[in-house]
Amino acid sequence: MSDGVFHFQIGNFECMAISDGTFVYTDESFFVNAPKKRMEQVLRKYDIRSGEITTPWPSLYINTGKNRILVDTGAGAGIVPGAGKLLGILTNEGITVNDIDTVILTHGHPDHIGGNIDASGKPAFPNARYYMWKDEWDFWMSKPDLKQLKLGDELKQFILISSQKNLPPIREQLVLLDNETEILPGIKAIEAPGHTPGHMALAVSSGGEQLLHISDTVLYPVHMEQPDWYPAFDFEPEQADDTKRKLLDRAAAEKARVFAFHFPFPCLGYVISKGNRWEWKPIETSGAKDYL
Ligand SMILES: [Zn+2]
């Protein structure tokens, strides 16, 4: 086993959470509308005192026996120190870029599409069909100005440049989705807009087991405990709230295992319903926390 990887099964599917790297976000960007004092109180319970929230950037790898699937491609090399580990980990695990036949992109933010292409600008997974929600593709191709996000201009610029760099080169290999179809047997797309206009979640099922990949529907367990607080990255906060309620209620009702992209590695756990809010119960792991 290599560093930054966590192996698990969903029924007959062999899976890995693979951390491409980690990044430190500010508490203001994660909880943009939270009252400052209350936020500091809540974060103290999570041992966050400096206002800095470290989260992983994980891809989900699924080997169904027939297909080898990668969900999101991380931030890629050269963006921040310590990111771009995905390909090295795949190699350590005996998987080459040619082995990946399916790449599913949950949305077009830099930490999810940064590994789409290689150093020469060509698709990093030459044999893969890439999948993305159609609204998401159309949004980024329209060169949006992101004016409504309460983020610094430099960061907005960075997000836009990343989308222009990492999306057009995959066009020839891309399939756009506009309904909740089964991408492959056991891998179903779920429309989950709000964080971005075409943000997508996934239901992965095999042998009676289910995993809900909720990507950036919520960015941190605090967003379950304080459901009214939303991140500055959410493009349509009200729509994101609807999506959050729909998916978290479903996860709780179905007792599904959940993969939440920015949650403490390996990003796996269960959602417990608490009336109007939810609680995150991470799976039991040994050693997985070492990567944060
Ligand atoms: Zn993200």
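What you are looking at is a predicted structure, and each value in this text was computed from that prediction instead of being measured. Atoms within a ligand are numbered from 1 in the order they appear, just like the ligands themselves. The first residue in the sequence is number 1, and the count goes up from there.
- Put simply, H262 gets within reach of the Zn ion (ligand 1), with an N, O or S atom under 2.8 Å from it.
- Of all the N, O or S atoms in H112, the one closest to the Zn ion (ligand 1) is NE2.
- The closest approach of D111 to the Zn ion (ligand 1), by N/O/S atoms, is made by OD2.
- Residues H262 and D111 have side chains that bring a donor and an acceptor to within less than 3.5 angstrom of each other.
- Distances from the Zn ion (ligand 1) show that H107 has no N/O/S atom below 2.8 Å.
- Residue D216 approaches the Zn ion (ligand 1) most closely through its N/O/S atom OD2.
- Ring centroid separation for the pair H112 and F261 comes in under the 6.0 Å cut-off.
- Figure legend: R171 and W137 shown as a cation-pi pair, the cationic atom lying under 6.0 angstrom from the six-membered ring centre and within 45 degrees of its axis.
- Screening Y25, F263, W229 against F30 for a ring pair (Phe, Tyr, Trp, His ring centres under 6.0 Å) leaves a single residue, Y25.
- Using a distance-only test at 3.5 Å, with no hydrogens or angles considered, a donor-acceptor pair links the side chain of K244 to the main chain of P227.
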